2 protein chains.
Amino acid sequence: MDPNKKKISIAVIKRLPRYYRYLYDLLNMGITRISSKELSERMNITASQIRQDLNCFGGFGQQGYGYNVESLFREIGNILGVNETFNAVIIGAGNMGQALANYGNFEKRGFKIIGVFDVNPNIIGNKINNLTVMHMDKLDEFITNNKVDIGILTVPYDQTPVVAERLAKLGVKGLWNFSPMDLELNHDVVIENVHLSDSLMVLGYKLKEMRNKENKK
Amino acid sequence: MDPNKKKISIAVIKRLPRYYRYLYDLLNMGITRISSKELSERMNITASQIRQDLNCFGGFGQQGYGYNVESLFREIGNILGVNETFNAVIIGAGNMGQALANYGNFEKRGFKIIGVFDVNPNIIGNKINNLTVMHMDKLDEFITNNKVDIGILTVPYDQTPVVAERLAKLGVKGLWNFSPMDLELNHDVVIENVHLSDSLMVLGYKLKEMRNKENKK
DNA sequence: TAGATTGTTAATCGATTAACAATC
DNA sequence: TAGATTGTTAATCGATTAACAATC
């Protein structure tokens with residue numbers, strides 16, 4: 001590894017999509033330049049943090065001027081890889097799987113769903129957003145014949161580790177996991193866990209906290 | 001505010017649902033006691049962090065013994081409020097709204113969906129998981145007549161701030177926002193943003209990073 | 001040139017980890 | 001009692017914020 005290039009922390013990476021969204025909005029508003037100060041006010045973070053974050057990847061700004069919205073938008077897009085295409089398969093065509101398959105916005109960001117799989121005979125053969133739900137038996141063949149970068153896991157709890165292992169063995173390098181289970185494989189596989197019920201429970205906690213505060217008044 | 005009780009950081013809160021899940025699994029495995037060391041190995045975090053986290057809320061353990069799985073599970077559940085009931089309405093019965101309405105697991109954690117709303121005449125009147133989709137015109141009346149704690153926002157981008165404001169004005173204190181937009185209201189409203197495309201973009205970044213590493217070898 | 005704002009170094013803050021006395 | 005493991009304080013680490021020289 002390049003010893004000069006110090007590792008960029010995950011905290012920074014997680015902020016990039018947010019910058020990207022704000023810049024997209026600015027672009028649509030016809031705003032062509034923005035200073036870190038102005039952006040910091042809109043985003044409710046410090047200007048210092050913005051400059052630190054961006055300078056992890058290079059000097060995108062210009063002293064005395066600020067940042068060009070369009071070029072900064074493009075740069076962050078490049079860092080995030082929105083111009084590359086990532087092919088994904090959805091495993092599990094239940095409620096969540098179907099919702100994700102039907103959601104068109106991912107494609108705009110370079111994520112293309114090219115296959116949907118399930119084991120339920122009542123679902124197999126159904127069309128979801130122009131894709132025919134296939135039986136899991138066809139998974140190996142499909143992945144062998146198609147470049148699949150990402151597996152989207154919307155399977156029942158107990159199936160999650162099994163399917164994850166299977167995908168990893170087939171060479172799928174990225175997993176987007178919707179099961180309430182933390183996936184961690186030792187292989188060279190990157191994982192993003194989306195724990196909806198965790199998020200909901202945090203909301204519940206915050207609500208309780210607020211109620212307590214109200215009652216104390 | 002109580003000055004003795006120092007504020008518990010959001011980082012700690014966010015780990016609680018994860019502890020809760022692991023303890024639930026341990027309970028199902030018939031394991032009755034666990035030390036922070038053992039749990040740390042399972043969860044891949046430090047034992048020190050576990051003890052620090054838990055001691056934000058009280059001494060749940062016993063020296064020389066460790067933690068009783070069942071009682072720790074119950075304690076964390078109490079902190080998170082799984083025994084309280086939170087009533088929620090879903091605004092936007094599109095793909096995501098329907099998926100969330102159909103997902104039964106939230107109810108187990110005390111979150112009950114009692115109403116689903118939309119503006120699309122083709123959807124209104126449909127049954128989703130025993131709930132009839134209502135027109136947004138009925139929202140005010142519904143919230144006035146029912147205790148609604150949480151608004152689940154699965155509406156299109158441009159509708160998000162409008163609906164959020166409307167819910168806040170009607171006295172809904174918690175918002176679970178699925179729009180790719182950061183909601184922040186000044187009112188006494190707590191918000192959890194779920195940004196699926198942000199998460200996907202982070203996965204894309206990680207994938208790109210891994211590819212680069214592979215190529216360097 | 002003067003003013004503005006970056007890039008970057010230094011200071012601060014908070015979160016994580018280590019250590020160990022207390023105690024079951 | 002001896003061994004184990006907590007609760008808690010202290011040390012470390014990393015991330016955020018502040019400050020300012022560089023420069024457009």
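Note: hydrogens, waters and symmetry copies are ignored here, and every other heavy atom, side chains too, is used. Numbered from 1 within each chain, the chains take letters A, B, ... in sequence-line order. These numbers come from a predicted model, not from an experiment.
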Watson-Crick or G-U wobble partner of dT12(D), both distances under 3.5 Å: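 Partner of dT12(D): dA15(C).
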
Going by purine N1 to pyrimidine N3 plus the second Watson-Crick contact, or the G-U wobble pair, all under 3.5 Å, which nucleotide sits opposite dC20(C)?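 dC20(C) is paired with dG7(D).
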
Do Asn87(A) and Asn146(A) have side-chain N/O donor and acceptor atoms under 3.5 Å apart?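 Asn87(A) vs Asn146(A): no donor-acceptor pair found between side chains.
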
Do His195(B) and Asp182(B) get their side chains close enough for a donor-acceptor pair, meaning under 3.5 Å? yes

Would you say [X] reaches [N]'s phosphate, i.e. side-chain N/O to OP1/OP2 under 4.0 Å?
{"X": "Gln63(B)", "N": "dA22(C)", "value": "no"}
{"X": "Thr46(B)", "N": "dT17(C)", "value": "yes"}
{"X": "Tyr67(A)", "N": "dA4(C)", "value": "no"}
{"X": "Arg51(B)", "N": "dT6(D)", "value": "yes"}

In whole angstroms, how far is the [atom2] atom of [N] from the [atom1] atom of [X]?
{"X": "Lys7(B)", "N": "dC13(C)", "atom1": "NZ", "atom2": "C1'", "answer": "16 Å"}
{"X": "Lys14(A)", "N": "dT16(D)", "atom1": "NZ", "atom2": "P", "answer": "12 Å"}
{"X": "Lys37(B)", "N": "dG7(D)", "atom1": "NZ", "atom2": "P", "answer": "17 Å"}
{"X": "Ile50(A)", "N": "dT6(C)", "atom1": "CD1", "atom2": "C1'", "answer": "12 Å"}
{"X": "Gln49(A)", "N": "dT12(C)", "atom1": "CD", "atom2": "C1'", "answer": "14 Å"}
{"X": "Asn44(A)", "N": "dT17(D)", "atom1": "CG", "atom2": "P", "answer": "11 Å"}
{"X": "Phe60(B)", "N": "dT23(C)", "atom1": "CZ", "atom2": "C1'", "answer": "19 Å"}
{"X": "Asp53(A)", "N": "dT17(D)", "atom1": "CG", "atom2": "C1'", "answer": "12 Å"}

Start at the 5' end of DNA chain D and walk down; is the nucleotide closest to Gln62(A) or to Gly66(B) reached first? Gly66(B)

Pick the nucleotide of DNA chain D nearest each of Ser9(A) and Tyr65(A); which residue has the one closer to the 5' end? Ser9(A)

Side-chain ion pair, Asp149(B) and Lys147(B), N-O less than 4.0 Å: yes

Tell me the closest heavy-atom pair linking Leu131(A) and Ile113(A), and the distance in Å.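 Scanning both residues completely, I find the closest heavy atoms to be CD1-O, 3.4 Å.
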
Report which part of the nucleic acid Ser48(B) touches: base, sugar-phosphate, or nothing (heavy-atom distance under 4.0 Å, all strands). base

Ignoring hydrogens and angles, does a donor from either the side chain of Gln52(A) or the base of dT16(D) sit under 3.5 Å from an acceptor on the other?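 Looking at the base of dT16(D), it does not pair with any donor or acceptor on the side chain of Gln52(A) (distance under 3.5 Å).
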
Hey, does the Lys NZ or Arg CZ of Arg33(B) hover above the aromatic six-ring of Tyr65(B), less than 6.0 Å from the centre and inside 45° of the axis?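 Verdict for Tyr65(B): a cation-pi partner in Arg33(B).
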
